[in-house]
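Notes to accompany the following structure.
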Amino acid sequence: MPESADIAHSEKLKQRLRFYEDLGLAPFYRDRGRLRLSQSPSPASSPGRPSLSIEETPLPKSALQTPAVASPAARAKAFLPLTPLPPSLFEAAYKNQSETLLQIRDDLGECTRCKLHTTRNKIVFGDGSPRAQLVFVGEGPGADEDAQGLPFVGRAGKLLTQMIEAMGLERRDVYICNVVKCRPPGNRQPEGDEVEACSPFLFRQLDSLKPKVIVCLGATAFQTLLQSNRSISHFRGQWLDFRGYKMLPTYHPAYLLRNPAAKADVWKDLQKVMAELGLEVKKTKAK
Ligand code: SF4
């Protein structure tokens, strides 16, 4: 390899390691033993584009056990439904599963279906590949997103980008959207009537994308898809079902900015997603 390519290669690896540091992974991996990063082709990566491969020593057996997913009966008991969406909204949301994202965006138009339209600057519909196998769903746009019309472009967005890249992907490989498409004033949580008005468009986006995995970022996304008001901590990191799609709730990047210690939990969740998507998470025997 020419010397300049060597330097570029080394710089890329350094950047990757910085992503891991920013995700708070150093303590996690110190606990877990040897970590080796290598460049290798990945099923989900473009030809010629290197992806991240992780080799690690196995965790103790107890730590490797997948947390038990609550039985349907237990889940039904555990979920305290929010105000249910009117059936007509569900019917409208699911009437045409073959529509494209563009058609859905056209239908949304310059939406005035809820009061958030009065204070928004730009509608933030979603961004990424219409063929994405992985979809991240957040809560709603913040100030940066409202200004640019794109999801997750502020500080939390930069952290999400780093998380995606740490998985060996790029933002253009995935799709990112929110429960509500307009910024709630002062970055407050979206209110029930706003979620009710806007979430049918999210459901239609998901049905258009038909992703292999949906990652819910934070409580609002998780509670909207599962119609539950349970805390995300009950289900974080567990595989759940949303209308036949595999869904995994994890913490919102904005929460991670306030609580960096939770980054290691999120990384464990993302490793589950990587395994599900066939991205490389190699395990080697301890020496
Ligand atoms: S939040 Fe959704 S429903 Fe409300 S105005 Fe914006 S696009 Fe329309």
Side-chain angles (χ1 to χ4, degrees), residues 81-130 132 135-157 160 171 174-211 214-229 232 242-243 245 247 249 252-255:
L82 300 170
T83 308
L85 297 182
S88 58
L89 280 181
F90 275 110
E91 281 161 22
Y94 299 138
K95 69 183 176 198
N96 178 5
Q97 293 194 16
S98 61
E99 63 187 344
T100 65
L101 291 171
L102 273 179
Q103 288 169 325
I104 300 165
R105 179 65 188 88
D106 277 353
D107 189 23
L108 185 67
E110 280 306 301
C111 184
T112 56
R113 290 170 180 83
C114 83
K115 59 185 178 295
L116 291 181
H117 84 276
T118 59
T119 48
R120 74 162 178 246
N121 183 33
K122 287 187 177 167
I123 290 179
V124 181
F125 181 69
D127 186 38
S129 169
V135 177
F136 290 93
V137 180
E139 178 179 286
D144 294 311
E145 292 77 13
D146 179 59
Q148 296 184 40
L150 290 169
F152 283 91
V153 288
R155 278 184 69 220
L160 176 62
R171 270 181 75 116
V174 305
Y175 192 82
I176 305 171
C177 55
N178 285 305
V179 171
V180 293
K181 316 294 185 208
C182 302
R183 182 192 181 202
N187 290 347
R188 65 160 169 76
Q189 269 195 308
E191 293 171 356
D193 59 320
E194 296 156 1
V195 171
E196 192 172 298
C198 209
S199 56
F201 290 94
L202 168 64
F203 303 151
R204 287 166 64 179
Q205 284 172 296
L206 294 175
D207 271 338
S208 173
L209 289 157
K210 298 180 179 54
I214 300 167
V215 173
C216 287
L217 299 170
T220 299
F222 152 75
Q223 291 172 342
T224 299
L225 294 194
L226 282 192
Q227 283 293 287
S228 164
N229 62 2
I232 191 170
F242 169 68
R243 292 175 21 82
Y245 301 115
M247 187 189 86
H252 193 286
Y255 173 79

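We count ligands from 1, going down the list as the structure has it; atoms in each ligand are counted the same way.
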Legend entry - Arg120 and Glu110: CA distance, side-chain angles, deciding distance, salt bridge (Lys or Arg N to Asp or Glu O under 4.0 Å) verdict: CA-CA 11 Å; Arg120 74 162 178 246; Glu110 280 306 301; 3.6 Å; yes

Legend entry - Partners passing side chain to side chain donor-acceptor pair (under 3.5 Å) against Gln148 (at least two apart in sequence or in another chain): none

Legend entry - Salt bridge Glu196-Arg113, side-chain N to carboxylate O under 4.0 Å: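 No, no charged N to carboxylate O under 4.0 Å.
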
Legend entry - Rounded distance (nearest 0.5 Å) linking atom CD1 of Ile214 with atom CG of Leu209: 9.0 Å

Inset, instruction - Kindly say whether Phe125 contributes a backbone atom to a donor-acceptor pair with the side chain of Gln205 at under 3.5 angstrom? - result: yes

Inset, instruction - Please find out if less than 6.0 Å separates the ring center of Phe222 from that of His252. - result: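 Not close enough - the centres of the two rings lie 6.0 Å or further apart.
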
Inset, instruction - Run through the protein N/O/S atoms less than 2.8 Å from atom 6 (Fe) of ligand 1 and write them out by chain and number. - result: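 Counting only protein N, O or S atoms under 2.8 Å from atom 6 (Fe) of ligand 1, the list reads Cys182 SG.
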
